[in-house]
Protein chains: 2
Amino acid sequence: MAYDMALAALADPTRRKVFERLRSGARSVGEIARDMPVSRPAVSQHLKALKQAGLVRDEPRGSARIYRIHAPALTELREWLDGFWGDALDNFKTFAEGEDERR
Amino acid sequence: MAYDMALAALADPTRRKVFERLRSGARSVGEIARDMPVSRPAVSQHLKALKQAGLVRDEPRGSARIYRIHAPALTELREWLDGFWGDALDNFKTFAEGEDERR
DNA sequence: CCATATCGTAAGCCATAACTTACAGTAAGT
DNA sequence: ACTTACTGTAAGTTATGGCTTACGATATGG
């Protein structure tokens with residue numbers, strides 16, 4: 001039960017933009033914060049939140065610190081969404097067939 | 001570009017619980033608010049947010065109002081997550097193979 | 001027509017969270 | 001050893017958002 005952490009982490013637009021900058025590969029904090037409307041410490045805090053949600057992993061490289069996406073967390077969120085998606089489609093189907101559902 | 005609304009809507013635990021109560025079928029506001037730790041107006045506000053995010057649809061039935069899950073919004077969110085998932089797995093794979101990525 | 005049921009909205013309160021500036025710590029280069 | 005580069009954290013401010021209570025609106029039933 002960790003998809004809730006991932007959802008909360010990906011809700012904020014700025015934090016999601018930080019996360020999406022890692023989509024094409026691992027980067028350092030400075031590279032991520034480059035050309036961003038917020039300060040570098042803000043990016044650092046967002047990365048901390050993403051890390052606690054299990055969405056990223058970090059690793060030191062010299063005095064810098066490299067962040068990369070941790071795929072398993074996305075898988076977990078995907079599975080939760082898949083289960084929901086199936087049930088919702090079933091109910092949508094029975095609804096479209098005119099059969100009245102529970103009340 | 002509406003997956004961002006869905007993410008923001010599903011981030012709050014209480015609102016997600018409201019949403020999950022519609023997983024097994026359509027319900028009225030009163031039925032959803034029954035045995036909930038928050039008041040009925042709070043549930044109503046959550047339903048409004050879910051509706052604006054395209055996650056639910058409402059329909060009057062007498063003096064009551066029936067809410068049901070709107071599956072297409074979930075599909076949209078799923079597709080965004082799928083694209084992300086693929087890229088993240090690719091990078092994870094090249095990382096596991098020891099090949100250094102962009103820097 | 002009056003009473004009841006069901007719901008949405010407005011106003012206000014309060015906790016949370018996102019941001020900035022300032023500071024401290026570590027690593028590498030000279 | 002000193003400087004530079006890169007980062008995390010603490011403190012404080014401000015805005016956002018979720019909640020409650022109070023009220024207004026619509027539909028059904030007697």
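Model, not experiment: these values are computed from the prediction.
Residues that satisfy the side chain to side chain donor-acceptor pair (under 3.5 Å) test with B/Arg21, not counting sequence neighbours, are absent from this structure.
Atoms CG and CD1, from B/Leu55 and B/Ile69 in turn, are 8.5 Å apart once rounded to the nearest 0.5 Å. Once rounded to the nearest 0.5 Å, the distance linking CZ of B/Phe19 with NE2 of B/His46 reads 14.0 Å. Note that the CG atom of A/Leu22 and the CD atom of A/Glu31 stand 10.0 Å from one another [nearest 0.5 Å].
With B/Arg16 contributing its side chain and B/Ala11 its backbone, the two residues share a donor-acceptor pair below 3.5 Å. Under the 3.5 Å distance criterion, the side-chain polar atoms of B/Arg27 are left unmatched by any main-chain donor or acceptor of B/Ile66. Listed for the B/Arg15 side chain is no donor-acceptor partner under 3.5 Å among the backbone atoms of B/Leu10.
Contact annotation: A/Ser44 does not reach the phosphate of D/dT9 (side-chain N/O to OP1 or OP2, under 4.0 Å). B/Tyr67 has no side-chain polar atom (N or O) that falls below the 4.0 Å cut-off from OP1 or OP2 of C/dT6.
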Report summary line: Given protein heavy atoms under 4.0 Å, the one-letter contact record of nucleotides 22-30 of chain C, with B base, S sugar-phosphate only and - none, is simply B----SS--
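If you take CZ of B/Arg34 and P of C/dC7, they are 10 Å apart, rounded to a whole angstrom. One can place CG of A/Leu50 at 13 Å from C1' of C/dA18, the figure rounded to the nearest angstrom. Rounded to an integer number of Å, the gap from CZ of B/Arg27 to C1' of C/dC7 is 18 Å. The CD-C1' distance, from B/Glu59 to D/dT26, rounds to 16 Å in whole Å. Computed from coordinates, the A/Lys48 NZ to D/dA10 P distance equals 7 Å when rounded to whole Å. Taking atom CD1 of B/Ile66 as the reference point, atom P of D/dA27 lies 15 Å away to the nearest angstrom. For B/Arg65 and D/dT28, the CZ to C1' distance is 16 Å, given to the nearest whole Å. Between A/Met36 atom CE and C/dT20 atom C1' there is a gap of 16 Å when expressed in whole angstrom units.
Here the side chains of A/Thr14 and A/Val38 are in contact, with some heavy-atom distance below 4.5 Å.
Atom CZ of A/Arg57 is surrounded by 12 or fewer heavy atoms from other residues, nucleotides or ligands within 6.0 Å.
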Would you list the protein and nucleotides 17-19 of chain D atom pairs, both N or O, that sit under 3.5 Å from each other?
from, atom 1, to, atom 2, distance (Å)
D/dG18, OP1, B/Arg15, NH2, 3.0
D/dG18, OP2, B/Arg15, NH2, 2.7
D/dC19, OP1, B/Thr14, OG1, 3.1
D/dC19, OP2, B/His46, NE2, 2.2

